[in-house]
Amino acid sequence: MSNLEQFESNFYQSNYTIDDQEERYNDSDAYGNLYGPRNPRASEQPQPAFVPPESLMSAGYTGQFFQPTSTSDYYSQSPYIDSFDEEPPLLEELGINFDHIWQKTLTVLNPLKPADGSIMNETDLAGPILFCVALGATLLLAGKVQFGYLYGMSAIGCLGIYILLNLMSSSGVTYGCVASVLGYCLLPMVILSSCAVFFSLQDTIGTVLALVIVGWCSLSASKIFISALDMEGQQLLIAYPCALLYGLFALLTVF
């Protein structure tokens, strides 16, 4: 038993004494005083997380709670807002002007009305495409599927008139302008194809009506060309090839 007691005393032997414990406690108090109290609740009371607005108002605060200041001056001075307001409409950017389309349509419907060269010398294809589709639709109602012939003759005819006008005029003309004028002048041919829906044109009345429509289209087209290209005195020279082109459309409509 004496050996066992000696072993236990040797096993639990340590240099730690009560004096060391007191020194460590004093050191921890020193660090606590250096970095702040160890227990803040014992030294001071906690501040409330919410401050009532009345106390701020009494301290001289004149702002508005939860209401940001207005930034209308910033948006009014922004260059992006001004650029958006100054942008043209979408139809104008696409080259679609309903006022010009209406004026060109009236010019075609009245061959005796003088044409405005500034308006006619534009690449406006909205009206021509509409009249070309209307011509194909009325032919379809008459039982004639001629869309391929319409598009093919339109492209080749515009190319031929384009070459001819560039040879005859000194100022020159673009292909888009030629296609625009010839397309607008298809409107009387749409009227002829609409008549073919209700009665046959393969008689004397139909032939006379087709000749009148061809003269109407060619006269309107030549009038627009001479006003846009300043080709006074050459209307008959331009009207003849236009009459040949519109005569092909008349043959598709009658037969």
Side-chain angles (χ1 to χ4, degrees), residues 88-136 147-193 210-253:
L90 179 60
L91 294 178
E92 186 177 348
E93 290 183 354
L94 296 176
I96 301 175
N97 192 331
F98 290 104
D99 186 23
H100 290 181
I101 291 175
W102 178 247
Q103 292 183 14
K104 292 179 182 180
T105 304
L106 294 179
T107 303
V108 172
L109 292 176
N110 187 7
L112 302 179
K113 179 183 177 180
D116 188 1
S118 61
I119 297 178
M120 296 304 168
N121 198 7
E122 294 179 355
T123 308
D124 176 22
L125 298 179
I129 292 175
L130 177 62
F131 294 151
C132 188
V133 172
L135 178 59
F147 286 99
Y149 290 103
L150 287 177
Y151 297 147
M153 288 192 305
S154 298
I156 297 174
C158 291
L159 181 61
I161 300 297
Y162 166 72
I163 296 173
L164 181 63
L165 290 177
N166 280 317
L167 293 174
M168 295 178 62
S169 64
S170 59
S171 59
V173 66
T174 61
Y175 183 84
C177 180
V178 173
S180 177
V181 173
L182 294 177
Y184 273 104
C185 294
L186 272 178
L187 181 57
M189 197 63 61
V190 176
I191 298 175
L192 180 64
S193 62
L211 291 176
V212 171
I213 293 298
V214 170
W216 187 356
C217 293
S218 60
L219 184 61
S220 299
S222 60
K223 175 191 66 175
I224 294 173
F225 281 131
I226 63 171
S227 63
L229 302 177
D230 295 331
M231 300 173 61
E232 297 295 335
Q234 302 182 21
Q235 184 173 1
L236 293 178
L237 296 176
I238 300 175
Y240 177 69
C242 293
L244 295 178
L245 176 61
Y246 290 115
L248 296 176
F249 289 106
L251 290 176
L252 286 178
T253 304

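For clarity, every value in this text was computed on a predicted model and none was experimentally measured.
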Discussion item. Could you walk me through whether Tyr151 and Cys132 satisfy the side chain to side chain contact (heavy atoms under 4.5 Å, CB included) test, starting with their C-alpha distance in whole Å, then the side-chain angles of each, then the deciding distance to 0.1 Å, before giving a yes or no?
Written reply: CA-CA 8 Å; Tyr151 297 147; Cys132 188; 3.8 Å; yes
Using a 3.5 Å cut-off and no angle test, enumerate the donor-acceptor pairs between side-chain atoms of residues 160-170 and protein atoms at least two apart in sequence or in another chain.
residue: Asn166; atom: OD1; partner: Val173; partner atom: N; Å: 3.0
residue: Asn166; atom: ND2; partner: Tyr162; partner atom: O; Å: 3.0
residue: Ser169; atom: OG; partner: Leu165; partner atom: O; Å: 2.7
residue: Ser169; atom: OG; partner: Gly172; partner atom: N; Å: 3.4

List, one per line, each side-chain donor-acceptor pair under 3.5 Å for residues 232-251, sequence neighbours excluded.
residue: Gln235; atom: NE2; partner: Ser222; partner atom: OG; Å: 3.3
residue: Tyr246; atom: OH; partner: Leu182; partner atom: O; Å: 2.9

What is the minimum heavy-atom distance between Thr253 and Ser193, and which atoms define it?
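Shortest heavy-atom contact: CG2-CA, 3.5 Å.
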Exercise. Can you name the closest pair of heavy atoms from Cys158 and Tyr175 and give their distance?
Worked result: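 Cys158 and Tyr175 have their closest heavy atoms at CB-OH, 3.6 Å.
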For this session: Could you walk me through whether Lys223 and Leu219 pass the side chain to side chain contact (heavy atoms under 4.5 Å, CB included) test, one step at a time?
Result: CA-CA 6 Å; Lys223 175 191 66 175; Leu219 184 61; 5.6 Å; no
_Within the supplied structure, the quantity of interest is the number of heavy atoms (other residues, nucleotides, ligands) at a distance under 6.0 Å from Tyr149 OH; does it exceed 12?_
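No, not enclosed.
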Requested in this report: Side-chain contact test, heavy atoms from C-beta onward, threshold under 4.5 Å: evaluate it for Val181 versus Lys104 and give yes or no.
Outcome: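 Contact flag for Val181/Lys104 side chains = no.
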Hey, are the side chains of Tyr184 and Ile224 touching, using non-hydrogen atoms and a 4.5 Å cut-off?
->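 Result no, sub-4.5 Å side-chain heavy-atom pair not found.
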Once you round to the nearest 0.5 Å, how far does [atom1] of [X] lie from [atom2] of [Y]?
| X | Y | atom1 | atom2 | result |
| --- | --- | --- | --- | --- |
| Leu130 | Thr105 | CG | OG1 | 8.5 Å |
| Leu150 | Leu135 | CG | CG | 5.0 Å |
| Leu109 | Cys185 | CG | SG | 10.0 Å |

task: May I ask you to decide if Asp124's main-chain N or O and Ser180's side chain share a donor-acceptor pair within less than 3.5 Å?
output: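 Yes: the side chain of Ser180 pairs with the backbone of Asp124.
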Set of side chain to side chain contact (heavy atoms under 4.5 Å, CB included) partners for Pro188, sequence neighbours left out: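 Checked Pro188 against side chain to side chain contact (heavy atoms under 4.5 Å, CB included); matches are Val108, Ile213, Trp216, Cys217.
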